[in-house]
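What follows is one structure encoded as structure tokens, with my remarks underneath.
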Amino acid sequence: MACHSSEMTGRPPVQLKALQAGPHKAFVCQDCHTSFTSAPHTPQMLKEKALCGTCHAQQQADIAKSAHANMDKVKGDHPTCASCHSKEADPHTITRPAAWSRKDKVTLCSRCHAQKDRMNRYGVDPDAVSSYDESFHGKALLSFGMNKAAICGDCHKHHDVLAPTNPAAPTNRAHAAKTCAQAGCHPGARVNFAMSGANHLRLKVKQSMVLRTEEFFFRWLTIGTILFLLGGVALDLRRKVFSRGPAPASGRLVAFLISVSFLLLCAALLMAFFGVGQAKWSILAALVVAAVAFVLFFMNPHRRRHPAGERQYQRLSLAQRWQHILLAISFTLLVLTGLPLRFAHVEWLHPLYAFFGGMGGARVVHRVAAVIMIADWIWHTLYLIYRWQRAGFNFRSWTMFPTLKDVRDFIDTSKHYFGLTPNGPRYDRFQFREKFDYFAVYWGMPIMVFSGLVLWFPIYFGNLLPETGLSVAYIAHSDEAILAFLAIVMWHFYNTHFDPENFPMSPVFLTGTKSQSEMEREHPLEKERIDQSGDDPDRRV
């Protein structure tokens with residue numbers, strides 16, 4: 001082998017150690033290079049190439065009829081035995097397939113199929129790689145180490161790889177269901193499930209106008225809604241922090257820090273949503289600023305306190321508080337177990353799955369939380385019907401239903417924010433912010449529940465629904481969840497807890513009551529009605 005060192009030839013040396021460690025360790029040079037009968041080698045000997053098919057006849061035959069056997073438009077376009085079985089594309093460093101991890105095998109296929117120029121030359125969509133990476137199979141394997149997840153070779157095979165348009169391909173419509181059901185992966189799968197695009201969603205979206213329209217709708221619904229809500233929060237903070245009026249209950253400095261913390265948190269969420277920047281540092285900064293605000297709040301002897309002995313007004317009954325607590329618990333668990341999968345590329349979210357015992361444990365927790373949320377939703381609906389019946393089916397009992405006053409209150413609030421009026425509107429039992437919160441949850445609940453059930457039982461529903469059914473459910477479930485999460489964090493948390501008038505927390509969801517001063521500030525019309533009637537309308541119903 002000394003003749004083939006880099007010093008002798010000026011080319012990369014023969015990898016003798018790798019050869020002796022691989023499956024061909026018993027070979028001598030002439031086992032492959034049968035034409036080398038003397039040294040130095042003649043030009044004729046060098047023209048003859050070693051053929052793997054001499055020993056691996058079946059594999060060679062499979063490759064000969066595969067898509068990888070097509071003629072190169074650019075030299076080296078199609079793979080060879082060495083380019084697949086050697087990480088260095090050197091036939092002397094061949095390793096056994098068993099020595100490669102499943103992640104290594106995906107990386108191998110992706111190495112070529114992610115090259116846009118190369119794929120475009122042969123009419124192959126290079127988005128197949130990113131599409132797999134975004135699928136449950138790809139995320140489970142590449143991000144969370146679930147080795148049972150399907151990889152390229154499981155569906156497309158290894159040597160006899162055929163284009164999906166080939167009638168003999170395992171991924172062709174005629175055979176896709178059988179391929180999905182093989183090895184016990186998806187028993188009972190039929191063609192609609194197999195062709196749903198769940199394993200290559202990006203490609204399915206490209207093919208379907210329905211899916212493209214759905215994605216477009218949810219994307220701009222999310223962006224538009226969050227920008228609108230953030231605008232409202234920013235205007236509210238500007239009025240309470242920088243106006244010349246009375247300082248908020250938490251104090252002007254604390255209110256300013258709350259503003260900074262809240263905006264840093266919003267920035268982090270938006271960075272994570274769009275996949276730009278280092279969101280974790282923005283979150284860390286938000287937590288540090290919030291901690292400083294918390295300390296200063298309790299150190300400030302002049303912060304506004306509610307006078308002792310103030311009258312307490314009931315806002316939430318015991319049943320309503322339990323409904324809210326169950327909703328909060330289930331929603332939190334669903335977020336903690338759903339975000340790492342939705343944003344699998346965000347590595348600092350991965351420890352959440354470790355906390356739940358890995359992806360398997362997180363999936364169990366996610367489904368248990370989903371059952372709790374569904375049960376809570378049903379309970380609340382029955383509770384509304386009960387209250388309505390107790391009120392003699394009078395629609396005035398629907399205190400959360402939007403009215404013309406809410407429209408006028410929104411307009412008056414906007415005028416107040418922009419300095420056109422000195423005071424804001426006087427609110428009744430529920431203001432438009434609270435009603436928006438309520439109906440945002442109620443609007444999103446059917447979407448989350450029904451799409452979640454489809455994803456929980458994908459084979460059953462995938463077989464019943466059209467081919468795009470699973471993809472529609474995935475997009476709706478994923479995007480609506482993101483919208484709900486952002487709305488809760490950026491809007492509900494602010495109005496309930498981060499508002500400088502309520503910081504660091506409004507305890508109404510635990511106590512069910514608000515003090516007289518809080519009612520005068522937040523719900524003056526309801527307070528006047530209760531004081532005049534001597535009764536609480538919630539108890540009366």
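Annotation for Arg252: atom CZ counts as buried by contact number, over 12 foreign heavy atoms lying within 6.0 Å. Counted within 6.0 Å of CG on Leu382, heavy atoms from surrounding residues, nucleotides or ligands total more than 12; the atom is thus considered enclosed.
For the pair Leu470 and Leu465, the minimum side-chain heavy-atom distance is 4.5 Å or more. Side-chain contact between Lys514 and Ser506 is present, with heavy atoms from C-beta onward closer than 4.5 Å. Under the 4.5 Å side-chain criterion, counting only non-hydrogen atoms from C-beta, Val254 is not in contact with Phe298. When side chains are defined from C-beta on, Met373 counts as touching Leu334, because their heavy atoms get closer than 4.5 Å. Ile283 is not listed as a side-chain neighbour of Leu264, based on a closest heavy-atom distance of 4.5 Å or more. Side-chain contact between Leu296 and Leu253 is present, with at least one heavy-atom pair separated by less than 4.5 Å. Under the 4.5 Å side-chain criterion, counting only non-hydrogen atoms from C-beta, Glu526 is in contact with Arg315. At least one side-chain heavy atom of Pro500 sits under 4.5 Å from a side-chain heavy atom of Tyr494.
A donor-acceptor pair shorter than 3.5 Å can be found between the side chains of Thr403 and Asp406. Between the side chains of Asn199 and Tyr132, no donor N or O sits under 3.5 Å from an acceptor N or O. In this model, no donor atom of one side chain and acceptor atom of the other lie less than 3.5 Å apart for Thr381 and Tyr386. Checking Ser243 against Tyr417 by side-chain atom types alone, no donor-acceptor pair falls below 3.5 Å. For the residue pair Ser131 and Glu134, no side-chain donor N or O sits within less than 3.5 Å of a side-chain acceptor on the partner.
A salt bridge links Asp125 with Lys206: the distance from a Lys NZ or Arg NE/NH1/NH2 to an Asp or Glu carboxylate oxygen falls below 4.0 Å. Under 4.0 Å is where a charged nitrogen must lie from a carboxylate oxygen, and between Asp133 and Arg202 no such pair does. We find that Lys240 and Asp499 are joined by a salt bridge, their nearest charged nitrogen and carboxylate oxygen being less than 4.0 Å apart.
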Check: For Ser517 and Glu520, what are the C-alpha separation, side-chain angles and deciding distance, and is it a side chain to side chain donor-acceptor pair (under 3.5 Å)?
Finding: CA-CA 5 Å; Ser517 56; Glu520 289 173 349; over 6 Å; no
Item checked: Chi angles and distances behind the ring pair (Phe, Tyr, Trp, His ring centres under 6.0 Å) call for Phe395, Phe401 -> CA-CA 9 Å; Phe395 285 103; Phe401 203 77; 8.0 Å; no
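Of the listed residues (His345, His350, His137), just one forms a ring pair (Phe, Tyr, Trp, His ring centres under 6.0 Å) with Phe144, and that residue is His350. Just one residue in the list Trp388, Tyr438, Phe439 forms a ring pair (Phe, Tyr, Trp, His ring centres under 6.0 Å) with Trp398, and that residue is Trp388. Tested against Gln431 for a side-chain hydrogen bond (donor to acceptor under 3.5 Å, both in side chains), the candidates Glu434, Arg433, Lys435, Arg429 yield a single pass: Arg433.
Phe503 has its ring centre no less than 6.0 Å from the ring centre of His497. Ring centers of Tyr427 and His523: at least 6.0 Å apart, outside the cut-off.
No donor-acceptor distance shorter than 3.5 angstrom exists from the side chain of Ser208 to the backbone of Lys204, with no hydrogens or angles considered. Distance alone, capped at 3.5 Å, is enough to place a donor-acceptor pair between the Ser261 side chain and the Ala286 backbone. At least one donor-acceptor pair closer than 3.5 Å links the side chain of Glu518 to the backbone N or O of Ser515. A donor-acceptor distance shorter than 3.5 angstrom exists from the side chain of His416 to the backbone of Thr421, with no hydrogens or angles considered. Looking at Gln320, its side chain does come within 3.5 Å of a backbone N or O of Ser317 through a donor-acceptor pair.
Judged by a 6.0 Å distance limit and a 45° cone about the ring axis, Arg408 is not positioned over the six-membered ring of Phe432.
Annotation: the span from Arg426 atom CZ to Lys405 atom NZ amounts to 8.5 Å, rounded to 0.5 Å.
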